[in-house]
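The structure appears below as structure tokens.
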Amino acid sequence: MSVFALCGYGVAIGGRRLVGPIDLDIAAGQCVALVGESGSGKSLTAMTPFGLSAGTGSGGAMLCDERLDPGDLAGLRRARARHCGFIFQQPLAAMTPHQRVGALLTEAAMQAGGTRPGPAALAAMLTEVGLGEVGLTSGADWLGRYPHQLSGGERQRVCIAAALAHNPALLIADEPTTALDAVLRREIMALLDELRARRGLAMLLVSHDLASVAAHADVVVVMQAGAVVESGPAAALIDAPTTPYGRAL
């Protein structure tokens with residue numbers, strides 16, 4: 001069953017169409033990668049349907065059987081809170097400097113509503129389920145730390161835990177390993193693969209590096225200057241890209 005779909009979707013800024021039309025469909029447990037150089041429109045495509053860019057969307061966008069109306073900002077906020085988790089390329093910039101990890105995760109866990117658990121239950125949930133699931137094991141006071149007290153890899157793991165704290169159906173990962181070294185990039189991508197399989201997450205992965213997504217995506221959509229130039233199963237596209245641009249990437 002489709003979790004997220006775009007049909008003839010486009011993005012315009014200031015009346016000028018910059019992206020589209022684009023079609024894609026992501027099922028539970030599936031990863032679709034948007035790949036292209038900087039300025040190709042991949043981040044606009046990933047963020048605009050949720051009201052997180054300066055662009056205006058057109059065409060069809062569906063999330064968990066609900067239409068995403070670009071004119072309904074309150075509705076987009078509700079959809080994000082219920083169904084979406086976001087991971088960004090600069091984890092330090094995505095975290096509030098004066099907010100401890102525990103407060104960040106609490107805020108993330110409660111964004112979809114519900115009854116706030118007591119302090120002990122909340123601490124156990126955040127430590128064992130949230131942080132433990134992303135590889136930050138108990139024994140260190142993760143919840144009491146500030147962002148500047150974490151390494152780059154630790155910050156990104158906390159951001160992943162925050163993105164998943166409210167049990168979203170869809171994970172948007174926008175260049176999630178750009179700020180990390182080669183070893184940490186492999187670790188974070190392996191972690192995302194594991195979480196996607198365990199939770200049955202649909203994932204939209206944005207990257208400029210076609211080779212780096214080959215082992216992680218089921219489907220690759222290659223974008224150039226706001227348009228899709230080729231798409232298909234990741235293994236086939238990596239082995240035999242059909243366009244000069246795809247081969248260059």
Check against side-chain contact (heavy atoms from CB on, under 4.5 Å), L205 and V213 = CA-CA 8 Å; L205 173 64; V213 304; 3.7 Å; yes

Check whether any side-chain N or O of T243 sits under 3.5 Å from a backbone N or O of G246 as a donor-acceptor pair, and report yes or no.
-> yes

If you take all heavy atoms of G153 and I188, which pair is closest and at what distance?
-> O-CD1, 4.4 Å

Between CG of L6 and CG of L24, what distance do you get to the nearest 0.5 Å?
-> 4.0 Å

Derivation of the side-chain contact (heavy atoms from CB on, under 4.5 Å) call for V158 and Q156 | CA-CA 5 Å; V158 168; Q156 194 61 299; over 6 Å; no

Quick one: pull up CG in L68 and OH in Y9 and give me the separation to the nearest 0.5 Å.
-> 7.5 Å

Shared ILVMFWY cluster between L164 and F86, side chains joined below 4.5 angstrom?
-> no

Side-chain heavy atoms under 4.5 angstrom apart, residues restricted to Ile, Leu, Val, Met, Phe, Trp, Tyr: same cluster for M47 and I13?
-> yes

Any L63 side-chain heavy atom under 4.5 Å of L170 side chain | yes

Could you walk me through whether E187 and R157 pass side-chain contact (heavy atoms from CB on, under 4.5 Å), step by step?
-> CA-CA 10 Å; E187 290 180 0; R157 288 174 187 271; 3.4 Å; yes

Reported CD1-to-CG distance for the pair I87 and L204, which is rounded to 0.5 angstrom | 11.5 Å

Joint cluster assignment, V32 & F4, ILVMFWY side-chain distance < 4.5 Å | yes

Output, in order, the C-alpha distance, side-chain angles, deciding distance and verdict of side-chain contact (heavy atoms from CB on, under 4.5 Å) for L105 and L131.
-> CA-CA 9 Å; L105 294 180; L131 294 177; 3.7 Å; yes

Do any N or O atoms from the side chain of S151 and from the backbone of E154 form a donor-acceptor pair under 3.5 angstrom?
-> yes

Side-chain donor/acceptor of E230 to backbone N/O of T242, under 3.5 Å | yes

Where do P168 and G85 come nearest, in terms of heavy atoms and distance?
-> CB-N, 3.6 Å

In Å and rounded to the nearest 0.5 Å, what is the CD to CG distance from Q90 to D174?
-> 10.5 Å

Return the minimal non-hydrogen interatomic distance between A234 and A217, and the atom names on each side.
-> CB-O, 3.1 Å

Side chain proximity check, H208 to V35, heavy atoms < 4.5 angstrom | no

Taking C-beta and beyond as the side chain, do D193 and L195 meet within less than 4.5 Å on heavy atoms?
-> no

What one should report as the nearest heavy-atom pair of E175 and Q89 is O-CB, 2.7 Å

Determine, step by step, whether R196 and D218 satisfy the salt bridge (Lys or Arg N to Asp or Glu O under 4.0 Å) criterion, reporting the C-alpha distance in whole Å, the side-chain angles of both residues, the deciding distance to 0.1 Å, and the verdict.
-> CA-CA 12 Å; R196 177 165 57 93; D218 300 297; 3.4 Å; yes

Measure the spacing between OG of S2 and CG of D65 and express it to the nearest 0.5 Å.
-> 7.5 Å

Spacing of L104 atom CG and R145 atom CZ [to the nearest 0.5 Å] | 14.5 Å

For H83 and N167, indicate whether the former's side chain and the latter's backbone hold a donor-acceptor pair under 3.5 Å.
-> no

For residues S207 and S212, determine if any side-chain heavy atom of one lies less than 4.5 Å from a side-chain heavy atom of the other.
-> yes

Can you check whether E37's main-chain N or O pairs, donor with acceptor, with S40's side chain at less than 3.5 Å?
-> yes

Should V221 and M189 be regarded as members of a common hydrophobic cluster, given that ILVMFWY residues are connected when their side-chain heavy atoms come within less than 4.5 Å of each other, either directly or indirectly?
-> no

Work out which heavy atom in Q99 is nearest to a heavy atom in A103; give both atom names and the distance.
-> CG-CB, 3.6 Å

Give a yes or no answer on whether the side chain of K42 reaches the backbone of L34 with a donor-acceptor pair at less than 3.5 Å.
-> no

Quick one: does L150's side chain get under 4.5 Å of W142's, heavy atoms only?
-> yes

Test log, rule salt bridge (Lys or Arg N to Asp or Glu O under 4.0 Å), inputs E133 and R199 | CA-CA 11 Å; E133 193 176 21; R199 287 173 169 249; 2.8 Å; yes

Are the side chain of R100 and the backbone N or O of L143 linked by a donor-acceptor pair below 3.5 Å?
-> no

Do you know the tightest heavy-atom contact between P147 and P97?
-> CD-O, 3.5 Å

Heavy-atom donor-acceptor pair, E194 side chain to L191 backbone, under 3.5 Å | no

Answer whether the closest heavy-atom distance between the side chains of V11 and T48 falls below 4.5 Å.
-> yes

Report whether L237 and V219 are members of the same hydrophobic cluster (ILVMFWY, side-chain heavy atoms less than 4.5 Å apart, transitive linking).
-> no

Could you tell me whether R198 atom CZ has more than 12 heavy atoms of other residues or ligands within 6.0 Å of it?
-> yes

Taking the side chain as C-beta and beyond, is there a heavy-atom pair between I22 and M223 under 4.5 Å?
-> yes

So do the side chains of I172 and F50 get within less than 4.5 Å of each other, counting heavy atoms only?
-> yes

